[in-house]
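The structure appears below as structure tokens.
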Amino acid sequence: MAGPRIYVVGTADTKGAELAYLRDRITGRGARPVVVDVGTRAPTIAVDVPASVVVKYLPADERRRVSSQDRGVAVAAMADAFARFMPAQRSCQGIVAIGGGGGTSIATAGMRAMPIGLPKIMVSTLASGDVSPYVGIADITMMPAVTDLAGLNRISRAILGNAAEAIVGMAAHPTSTTMNRPSVGMTMFGVTTECVTMIVGLLPPDLEAVVFHATGTGGRTMEALIGNGMLTSVIDITTTEIADLLVGGVLAAGQDRLDVIARTGVPYVGSVGALDMVNFWSPETVPSRFHDRLFHHHNANVTLMRTSAEECDRIGQWIGAKLNACAGPVRFLLPEKGVSALDIVGGPFRASDADEALFEAIEHTVTQTSERRIVRLPLHINDREFAEAAVAAFREINP
């Protein structure tokens with residue numbers, strides 16, 4: 001049986017030797033490499049897919065951008081082209097790319113357009129820094145190049161050899177993401193782990209729980225999977241990313257948080273988990289405008305700030321407006337005795353006035369119907385009874 005078809009991607013005008021080395025190592029492992037050039041000048045090696053073919057995936061009136069003398073414009077155009085090109089490659093069973101700044105930007109644009117589960121490795125000179133702009137919500141494996149990608153040497157051969165071995169192994173032994181049972185997307189944070197863990201245990205065994213860490217990318221990933229049908233319902237206990245979005249934290253949701261719930265009409269159970277906090281990194285990263293606020297130092301690199309009553313009111317109104325746009329079944333639960341492990345009697349973030357401002361803003365903003373209901377509970381979010389109530393609400397709208 002023929003080996004997996006693996007796309008080998010890079011700028012063949014400047015990374016020809018490295019691409020050829022990757023190609024040969026992949027061939028040696030029994031796989032079928034397809035070398036794709038995403039450079040803007042003449043390639044230095046033979047390629048299977050010339051850059052001109054990739055560029056044709058742009059609208060005709062945009063193709064001239066690729067030949068711009070402004071490198072930033074040319075790279076952005078090629079990234080757009082590659083992002084359109086890759087989804088059309090139905091035979092691709094894995095993708096490995098190499099690049100510096102420009103090559104990484106181009107290649108990862110195409111990787112982000114591919115399904116979760118398809119193997120993706122990016123060997124990059126930028127991989128040891130902040131890679132969030134390149135990875136986004138995709139399952140891209142970033143591999144540090146260690147040396148610059150400027151010719152082959154003992155270090156680059158080792159790194160590229162490892163990349164070849166890894167991508168062939170991934171592609172040769174894929175794990176299917178095909179659904180064989182209904183799925184529910186869930187959001188969790190450290191301070192709501194107890195609640196979410198109990199909910200998972202209370203759900204029926206024929207339902208697959210897919211839990212996301214509510215760190216900004218977690219919520220965006222969950223909603224992307226809802227949008228493409230991979231998740232069929234939601235228990236969104238931990239909406240803390242909205243606090244970061246509206247107050248200015250580092251783990252922020254996008255402005256489109258909850259829009260996919262309205263667009264798809266999936267059954268939705270939500271709550272206010274960890275809306276008592278805004279996230280920052282180490283203490284020196286906290287903006288000076290917050291100097292007089294209440295903080296909790298989670299660890300040396302994570303600083304939590306308690307949301308004020310005014311901020312909670314704004315957060316509640318924002319959530320309420322989003323829920324009003326939902327035509328599908330909605331149950332939104334308000335735990336009156338605290339919204340996180342820190343917001344509990346004797347806890348560092350206990351502030352019943354702020355919680356009440358949040359609850360009232362949601363209740364006053366949401367137009368309740370038989371399908372869209374707000375439910376107050378005289379419980380803490382991590383009480384077992386709250387988890388049971390959440391599962392009961394879920395069963396009610398998922399008969």
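Looking only at distances, a side-chain donor or acceptor of Arg63 sits under 3.5 Å from a matching main-chain atom of Lys56. Between the side chain of Thr285 and the backbone N or O of Ser282 there is at least one donor-acceptor pair closer than 3.5 Å. Counting only distance, with no hydrogens or angles, the side chain of Ser124 and the backbone of Leu126 share a donor-acceptor pair below 3.5 Å. No donor-acceptor pair closer than 3.5 Å links the side chain of Glu208 to the backbone N or O of Pro182. Proximity of a side-chain donor or acceptor of Gln317 to a complementary backbone N or O of Arg314 within less than 3.5 Å is not detected. One N or O on the side chain of Arg372 and one on the backbone of Leu323 form a donor-acceptor pair closer than 3.5 Å. Judged by distance alone, the side chain of Thr40 and the main-chain N or O of Ser67 form no donor-acceptor pair under 3.5 Å. A donor-acceptor pair under 3.5 Å is formed between the side chain of Asp130 and the backbone N or O of Ser132. No side-chain donor-acceptor contact under 3.5 Å links Asn279 to the backbone of Leu251. The main-chain N or O of Asn153 is found under 3.5 Å from a side-chain atom of Ser156 such that the two form a donor-acceptor pair.
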Side-chain atoms of residues 294-304: list all donor-acceptor pairs with protein atoms under 3.5 Å, sequence neighbours left out, distances to 0.1 Å.
| unit_1 | atom_1 | unit_2 | atom_2 | d |
| --- | --- | --- | --- | --- |
| Asn299 | OD1 | Asn301 | N | 2.8 |
| Asn299 | OD1 | Val302 | N | 2.9 |
| Thr303 | OG1 | Trp281 | O | 2.7 |

Can you give each donor-acceptor pair under 3.5 Å made by side-chain atoms of residues 69-84, sequence neighbours left out, with the distance rounded to 0.1 Å?
| unit_1 | atom_1 | unit_2 | atom_2 | d |
| --- | --- | --- | --- | --- |
| Asp70 | OD1 | Gly72 | N | 2.9 |
| Asp70 | OD1 | Val73 | N | 3.3 |
| Asp80 | OD2 | Arg65 | NH2 | 3.1 |

Kindly list each side-chain donor-acceptor pair under 3.5 angstrom involving residues 16-23, sequence neighbours excluded, with atom names and distances?
| unit_1 | atom_1 | unit_2 | atom_2 | d |
| --- | --- | --- | --- | --- |
| Glu18 | OE2 | Ala150 | N | 3.4 |
| Glu18 | OE2 | Gly151 | N | 2.8 |
| Tyr21 | OH | Arg25 | NH1 | 3.0 |

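Rounding to the nearest 0.5 Å gives a distance of 11.5 Å between CD1 of Ile374 and NE2 of His364. Within the model, atoms CG of Asp259 and SG of Cys326 stand 8.5 Å from one another, a figure rounded to the nearest 0.5 Å. Note that CD1 of Ile344 is 4.0 Å distant from NE2 of His380, once rounded to the nearest 0.5 Å. The structure places CE of Met222 at 4.5 Å from CG of Asp236, a figure rounded to the nearest 0.5 Å. Taking CZ of Arg350 as the reference point, atom NZ of Lys337 lies at 9.5 Å (rounded to 0.5 Å). Taken from CZ in Phe212 to OG1 in Thr217, the straight-line distance is 10.5 Å, to the nearest 0.5 Å.
Looking only at side-chain heavy atoms (C-beta outward), Thr232 and Ser183 come within less than 4.5 Å of each other. With contacts defined as side-chain heavy-atom distances shorter than 4.5 Å, the pair Val366/Phe332 does not qualify. Taking 4.5 Å as the limit, some side-chain heavy atom of Leu58 sits within range of a side-chain heavy atom of Val66. The side-chain heavy atoms of Met305 and Met277, taken from C-beta on, include no pair separated by under 4.5 Å. A heavy-atom distance below 4.5 Å is found between the side chains of Cys92 and Met86. You'll find the side chain of Pro33 stays beyond 4.5 Å of the side chain of Ile6, heavy atoms only. Contact annotation: the side chain of Leu245 approaches that of Gln255 to within less than 4.5 Å [non-hydrogen atoms, C-beta and beyond]. Counting only heavy atoms from C-beta outward, the side chains of Ile26 and Val8 approach each other to under 4.5 Å.
Looking at residues two or more places apart in sequence or on another chain, you find a side chain to side chain donor-acceptor pair (under 3.5 Å) between Glu356 and Arg376. Listed by chain and residue number, Lys120 satisfy the side chain to side chain donor-acceptor pair (under 3.5 Å) test with Asp139 (two or more places apart in sequence, or in another chain). A search for side chain to side chain donor-acceptor pair (under 3.5 Å) contacts involving Asp276 returns Ser340, not counting sequence neighbours. Evaluation of the ring pair (Phe, Tyr, Trp, His ring centres under 6.0 Å) rule for Phe359 yields no partner, not counting sequence neighbours. The ring pair (Phe, Tyr, Trp, His ring centres under 6.0 Å) check on Tyr134 picks up nothing, with sequence neighbours excluded. Residues that satisfy the ring pair (Phe, Tyr, Trp, His ring centres under 6.0 Å) test with His213, not counting sequence neighbours, are Phe189. Legend: residues meeting side chain to side chain donor-acceptor pair (under 3.5 Å) with Glu396, ordered by chain and number and at least two apart, are Arg331, Arg373.
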Query raised in the report: What do the steps show when you test Thr192 against Thr238 for side chain to side chain donor-acceptor pair (under 3.5 Å), and what is the final call?
Result: CA-CA 7 Å; Thr192 61; Thr238 313; 2.8 Å; yes
Query raised in the report: Ile319 and Leu275: side-chain contact (heavy atoms from CB on, under 4.5 Å), yes or no, with the steps?
Result: CA-CA 11 Å; Ile319 291 173; Leu275 284 174; 3.7 Å; yes
Report task. Would you sort out whether Phe85 and Val36 count as a side-chain contact (heavy atoms from CB on, under 4.5 Å), showing the intermediate values? Result -> CA-CA 11 Å; Phe85 166 81; Val36 182; 4.1 Å; yes
Requested in this report: Decide yes or no on side-chain contact (heavy atoms from CB on, under 4.5 Å) for Thr108 and Val135, but give the supporting numbers first.
Outcome: CA-CA 7 Å; Thr108 54; Val135 174; over 6 Å; no
Report task. Take Thr14 and Thr11 through the test side chain to side chain donor-acceptor pair (under 3.5 Å) and record every step on the way to the result. Result -> CA-CA 6 Å; Thr14 61; Thr11 53; 2.9 Å; yes
Requested in this report: Please report the C-alpha distance between Asp313 and Leu358 in whole Å, then the side-chain angles of each, then the deciding distance to 0.1 Å, and finally whether the side-chain contact (heavy atoms from CB on, under 4.5 Å) criterion is met.
Outcome: CA-CA 5 Å; Asp313 177 76; Leu358 174 65; over 6 Å; no
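The cluster map of Ile, Leu, Val, Met, Phe, Trp and Tyr, joined by side-chain heavy atoms under 4.5 Å apart, puts Ile45 and Leu149 in the same cluster. When the side chains of ILVMFWY residues are joined at heavy-atom separations under 4.5 Å, either directly or via intervening members, Val49 and Val47 end up in two distinct hydrophobic clusters. Tracing side-chain contacts under 4.5 Å through hydrophobic residues (I, L, V, M, F, W, Y), one reaches Ile167 starting from Val146; they form part of the same cluster.
In summary, Glu223 and Arg263 do not engage in a salt bridge, as defined by a charged side-chain N under 4.0 Å from a carboxylate O.
Of all the heavy atoms in Thr141 and Met170, the pair that sits closest is OG1-CE, 4.2 Å. Shortest non-hydrogen contact noted between Pro329 and Gly265 is CD-O, 3.9 Å. Of all the heavy atoms in Val272 and Pro335, the pair that sits closest is CG2-CD, 3.5 Å.
Applying the under-4.5 Å side-chain rule to Ile, Leu, Val, Met, Phe, Trp and Tyr, the cluster around Val211 extends to Val184, Met186, Met188, Val196, Ile199, Val200, Leu202, Leu203, Leu207, Ile235, Ile237, Val269, Leu333, Val375, Leu377, Leu379, Ile381, Phe386, Val391, Phe394, Ile397.
Pairs passing the ring-ring contact (aromatic ring centres under 6.0 Å, His included) check and including a residue from residues 248-276, sequence neighbours excluded, do not occur.
Counted within 6.0 Å of CD on Glu310, heavy atoms from surrounding residues, nucleotides or ligands total 12 or fewer; the atom is thus considered open.
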